[in-house]
Every structure is written in structure tokens, then in C-alpha cells.
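First up is the structure itself, then whatever we jot down about it.
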Number of protein chains: 2
Amino acid sequence: MDKFDKKILQLLQQDCTPAVSEIAKQVGLSTTPCWRRIQALEKSGVIKGRVAIADPEKLNVGLTVFVTIKTNQHNPQWLNDFRKVANDFKEIVEFYRMSGEVDYLLRVVVPDMKAYDTFYRKLITRANFSDISSSFAMEEIKYTTALPVEYT
Amino acid sequence: MDKFDKKILQLLQQDCTPAVSEIAKQVGLSTTPCWRRIQALEKSGVIKGRVAIADPEKLNVGLTVFVTIKTNQHNPQWLNDFRKVANDFKEIVEFYRMSGEVDYLLRVVVPDMKAYDTFYRKLITRANFSDISSSFAMEEIKYTTALPVEYT
DNA sequence: GTTGAAAGTGTTCGGGG
DNA sequence: CCCCGAACACTTTCAAC
């Protein structure tokens, strides 16, 4: 990936609405090669897709909760089940298997504490955890879907 | 927000490339009213924008690290400075002010442990922390930018 | 890599019911 | 809310440099 591809990616990761001709102008290329590059980035899977970003407040999910989970069932079956559960819960927007102290980390979005409590109760009926702990975000200071292009 | 708006939002949060006519078909509306609804959702700020989603692996930032931070400087000046620092570091993709034990939580994306170490050293020269701790993600099981529409 | 241009498609926004 | 239709812009693909 040369500097043109990087610039294109930076722009599209910020905003994918402008026309190819506009992108081309900003990266210092003419439309045709710029269009070809975008096609290539999509075909090679560097660009996975284009999505609309919604406002959490406006969708009434202004509260972010991080849930750390320990389990005593370290078998693939348990994880597979839990994976399905996580996909069912739309409130779970991120889900990682961790190293170290904690086994799993979830990011959950809900309207408020009360709604989180409801979510929490539903969650623990769907899977067995040996230990589960919740941390609440008071403020979202930065959130971006744009990944750095510096490491390529 | 009625069921049409919710359906439109669900679709666009998954994929914003299809034409309005296609969206309209899927929600059971004709093009014009569907287009007007999308306009309204954008104007009211429910839809904040449209972005391209890049593949972390392909951009060589396959390692996610969660960094928990405690500070002893609980003044707005310190936070404001740190806010700027976080914006400078492209590796920091999420940044929350937390309640409870830990003061701040970062999600950081880097190529590998070595790169994380480099990032870490740079970070601690830019701000003072009383305590900082890193947890590594072994696997990203779920990551979505689509927020639930059920709470509106 | 560049330009220019043609054809097809989608968007946008009138008009009607 | 629906449909129709007509500008208009953008995408996509040429051929030629």
C-alpha cells in the first residue's frame, strides 16, 4: 500500500459519502486511477464494507458498560454457546477473549442503570459465569472506527 | 421513530451501499418516502455519518489492548491535556472516563506486543499516570458498529 | 500515470393521487 | 402514505495519450 492508498483509506474511514471525483481531488489523483484503487481495496478486503454510524444518545443507548467475565468452563463448547448468546444480544457491541486475569470482556450499550440491570439478569440466565463484574463509563471521550494506516 | 425508521436504521447500520430503492423494497416502502425518512434521520443527527470499515488484520493492527488508567490529578486541565494526547495517537480508537476503581479506559490497536511496548513508552512520556495497566485481547469475538434500535 | 467522454444507474425532487 | 417522471449527478467504462 503506497501513500495514495493510505490517504484514500484515511478519507473513506472518516466519511465515505463524497464522490470518487472528490476523493481523487483530495489525494491528488484523477478520478479513474482513484476509482481503480478503491475497487482494489474493496476486492482485497482491506475495506470490509460501508456502514451508517448512528448516534448512541439519539438511539437511547447512551450508557456504555464494560463487563469482565471469568469462567470455570474452559472448553470450546461453552465458548461456542456464549458466542451465540452474544450475537443474540444487540446490546453487546464488542466481545473479546482476553489473556490474563479476566477471560472475556464485553462492551455493552444500554439506556441507563435500570436497563443494564435488566440486561444483566437476562445474560446470566443464558450462560454460566464463575465471576462477572461491571464497570460503567461516565463519558465517551473518543470513539472512532478509523484504524491507523501507519503500520502497513 | 416508528418501525419503518427502525428497519431502515438496522439495514444502514449493517451496510449503507445499497440504493435507496433497494432499502425501500426491504422495508416495504416505495423509494420516495424511504428516501425522505433517510434524509430526516440524517438531518436530525440519528445517522451521524457513513464510513468505510477497514480490516484490522489487513492494516496490520490485529492486536487490541485495553489500557486501564488511574491518575492522581483530578482536575479538568489534566483531562483536557490527555484528551488532546489521545486524539494525536491514532492507535487509541476508544477512550472512556470510568466510574469506580479505574479512572480511564483505552482501547488501543497495534500490530503486536513489540509495537505496543513502543506505543506505551511514547504514551507515558506524554501524560502522568499514577497507575496504568494493560490487558491483551487474544481474540475479537464480536465487533459491531450497529447499535440496538429496540430502546427508542 | 493522465484526460475526456459516453452510457447506464441512482439520486433528488418536482408533479400527481 | 403511494406512484410517476424528469432533471441531474455520479459511477463506470471506454479509447487515447
Side-chain angles (χ1 to χ4, degrees), chain A residues 1-60 90 144-152, chain B residues 1-60 90 144-152:
Chain A
M1 264 207 335
D2 62 8
K3 64 165 190 162
F4 289 115
D5 284 335
K6 288 186 187 178
K7 197 78 199 295
I8 290 169
L9 259 178
Q10 277 183 340
L11 292 171
L12 290 182
Q13 281 192 111
Q14 295 295 333
D15 182 6
C16 69
T17 49
V20 179
S21 55
E22 178 58 31
I23 302 288
K25 198 190 295 172
Q26 294 200 31
V27 302
L29 236 52
S30 67
T31 310
T32 309
C34 185
W35 177 82
R36 268 198 275 259
R37 281 164 183 273
I38 294 171
Q39 294 299 310
L41 288 169
E42 251 150 18
K43 193 175 169 193
S44 67
V46 177
I47 293 175
K48 290 205 296 184
R50 293 151 185 258
V51 300
I53 301 295
D55 185 331
E57 302 287 345
K58 299 262 164 68
L59 282 185
N60 194 29
K90 298 283 176 276
T144 180
T145 55
L147 303 174
V149 297
E150 348 275 31
Y151 289 109
T152 52
Chain B
M1 263 209 333
D2 62 9
K3 64 165 188 160
F4 289 116
D5 284 335
K6 287 185 186 178
K7 197 77 200 296
I8 290 170
L9 259 178
Q10 277 182 341
L11 291 172
L12 291 182
Q13 280 193 111
Q14 295 295 334
D15 184 5
C16 69
T17 49
V20 178
S21 54
E22 179 57 32
I23 303 289
K25 197 189 297 172
Q26 294 202 30
V27 302
L29 240 52
S30 70
T31 310
T32 310
C34 184
W35 177 81
R36 270 199 267 262
R37 281 165 183 272
I38 295 172
Q39 294 299 310
L41 288 169
E42 250 151 20
K43 193 175 170 192
S44 68
V46 177
I47 292 175
K48 290 206 295 184
R50 292 150 185 258
V51 300
I53 300 296
D55 185 330
E57 301 288 345
K58 299 263 165 70
L59 281 185
N60 193 29
K90 299 280 175 277
T144 179
T145 55
L147 303 174
V149 297
E150 349 273 42
Y151 289 109
T152 52

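Lettering follows sequence order; numbering is per chain, from 1.
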Using a heavy-atom cut-off of under 4.0 Å over every strand shown, decide if A:Ser30 touches base, sugar-phosphate, or nothing.
-> base
Classify the nucleic acid contact of B:Glu22 as base, sugar-phosphate or nothing, counting any heavy atom under 4.0 Å across all strands shown.
-> nothing
Residue pairs passing the side chain to side chain donor-acceptor pair (under 3.5 Å) test where at least one lies in residues 16-29 of chain A, sequence neighbours excluded = A:Asp15-A:Thr17, A:Glu22-A:Gln26
Verify the contact: side-chain N or O of A:Gln39 to OP1 or OP2 of D:dT12, cut-off strictly under 4.0 Å; return yes or no.
-> yes
Should B:Arg36 be listed as having a side-chain N or O under 4.0 Å from OP1 or OP2 of C:dT12?
->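 No, B:Arg36 has no side-chain N/O under 4.0 Å of OP1/OP2 on C:dT12.
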Integer-rounded Å distance: [N] [atom2] and [X] [atom1]:
X       : N      : atom1 : atom2 : result
A:Trp35 : D:dT12 : CH2   : P     : 6 Å
A:Arg37 : C:dT2  : CZ    : P     : 8 Å
A:Ile38 : D:dT13 : CD1   : P     : 13 Å
B:Ile23 : C:dT11 : CD1   : C1'   : 14 Å

Among C:dT11, D:dT13, C:dT2, the one nearest A:Pro33 by side-chain distance =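 Shortest atom-to-atom distance from the side chain points to C:dT2.
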Which nucleotide sits closest to the side chain of A:Thr31: D:dC4, C:dG1, D:dT12?
->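 Minimum distance to the A:Thr31 side chain belongs to D:dT12.
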Is the shortest side-chain N to carboxylate O distance from B:Asp5 to B:Arg37 below 4.0 Å?
->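 So B:Asp5 pairs with B:Arg37 through a salt bridge.
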Residue whose nearest DNA chain D nucleotide is more 5′ - B:Asp2 or B:Thr32 |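 Checking each residue's closest nucleotide, the 5'-ward one belongs to B:Asp2.
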4.5 Å side-chain heavy-atom contact, B:Val149 and B:Gln13 =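 They are in contact (side-chain heavy atoms under 4.5 Å apart), so the answer is yes.
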Separation between CD1 (A:Ile53) and OG1 (B:Thr145), nearest 0.5 Å, reads 4.5 Å
